Amino acid sequence: MPASRRLEDISWTDVRDRLDQGTRTVIVMTASMEQHGPHLPTMTDTAIGYAIGDRVAELLGDALLAPVIRPGCSDHHLAFPGSLSIPEPLFIETIAHYVRSLAPHGFTRFVLLSAHGGNFTPLEKAATQLRAEYSGSDVKIVAYAGRQALIDTMAVMLETARQHGVNQEVDAIHAELTETAIMLARHGAFVKPEPWESGAMGHIDTNELFIRGFKAISANGIIGDPRGATAAMGEAVVEALAQHIVWWVRAQ
């Protein structure tokens with residue numbers, strides 16, 4: 001078995017050895033514990049975060065993946081039983097303390113990512129705070145965050161589904177084809193068997209979603225259509241997202 005790139009899987013001496021060998025990058029992936037329709041578990045975004053984070057660390061080559069942060073900023077999901085959320089300031093401080101803990105050990109590049117849509121804007125704020133905090137040091141904060149990053153993430157996912165012959169007529173996604181596909185690929189035992197329900201389709205006002213709450217947009221907690229998802233598609237979505245993120249990180 002190849003050595004794990006997950007910080008939580010290895011000993012402190014392993015971390016020391018990775019630092020001695022030149023590893024300086026830590027991926028800080030944020031996720032959530034929230035409803036994902038009737039057919040997916042509440043840990044879906046966390047599972048997706050690990051899948052993408054593992055692959056990003058592998059592609060970067062000199063990186064470790066910190067424990068995925070969850071819950072996230074999911075107030076808009078709280079109308080659904082079982083969903084958890086933390087306040088934005090706590091979310092930001094949690095990320096900051098990851099960096100404050102690891103930077104003194106010798107890590108100098110922190111790649112901040114999200115597997116949950118509600119985290120993208122708070123993640124951008126966390127990055128701004130940390131850049132100011134570490135200004136003048138050798139610590140670099142790289143954050144794939146903000147509204148445009150969220151839009152681009154969904155576009156990559158939808159395009160991968162199209163390449164597998166399925167086109168969703170929707171401009172936002174949650175618990176639909178691509179997320180269901182990733183869960184089939186990595187955690188199929190947690191996906192309820194078909195038939196699956198379709199969710200809200202067409203134009204989705206994401207501002208309204210965050211203001212009024214997810215249930216006001218989709219009674220079953222799905223945006224898009226999970227039908228047609230396959231494990232092969234799920235692996236392709238993970239790879240496409242990881243490649244996209246790594247391309248973006250290397251351009252910074």
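For clarity, every value in this text was computed on a predicted model and none was experimentally measured. Nothing fancy with the numbering, it's 1 onward along the sequence.
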Using a 4.5 Å cut-off on heavy atoms from C-beta on, say whether the side chain of [Y] contacts that of [X].
X: D225; Y: E169; result: no
X: S32; Y: P71; result: no
X: E34; Y: S85; result: no
X: T180; Y: W196; result: yes
X: R109; Y: L60; result: yes
X: L19; Y: F107; result: yes

TODO: Determine, step by step, whether D17 and Q21 satisfy the side-chain hydrogen bond (donor to acceptor under 3.5 Å, both in side chains) criterion, reporting the C-alpha distance in whole Å, the side-chain angles of both residues, the deciding distance to 0.1 Å, and the verdict.
DONE: CA-CA 6 Å; D17 293 345; Q21 293 160 12; 5.5 Å; no

Indicate yes or no: does E133 engage R100 in a salt bridge with an N to O separation below 4.0 Å.
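Counted as a salt bridge, because a side-chain N and a carboxylate O are separated by less than 4.0 Å.
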
Salt bridge present between E235 and R186 (N-O < 4.0 angstrom):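 Counted as a salt bridge, because a side-chain N and a carboxylate O are separated by less than 4.0 Å.
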
Checklist entry - Residues two or more places apart in sequence or in another chain: which of them pass ring-ring contact (aromatic ring centres under 6.0 Å, His included) with H77? => result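 ring-ring contact (aromatic ring centres under 6.0 Å, His included) list for H77, sorted by chain: H174, F214.
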
- Over all atoms of both residues, closest heavy-atom pair of I173 and V170: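 So the minimum-distance heavy-atom pair works out to CG2-CG1, 4.1 Å.
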
Q) Do you know the tightest heavy-atom contact between P41 and F190? A)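 Where P41 meets F190 most closely, the heavy atoms are CD-O, 3.5 Å.
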
Contacts of type side-chain hydrogen bond (donor to acceptor under 3.5 Å, both in side chains), residue S218, not counting sequence neighbours:
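Counting only residues at least two positions away or on another chain, S218 forms a side-chain hydrogen bond (donor to acceptor under 3.5 Å, both in side chains) with N220.
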
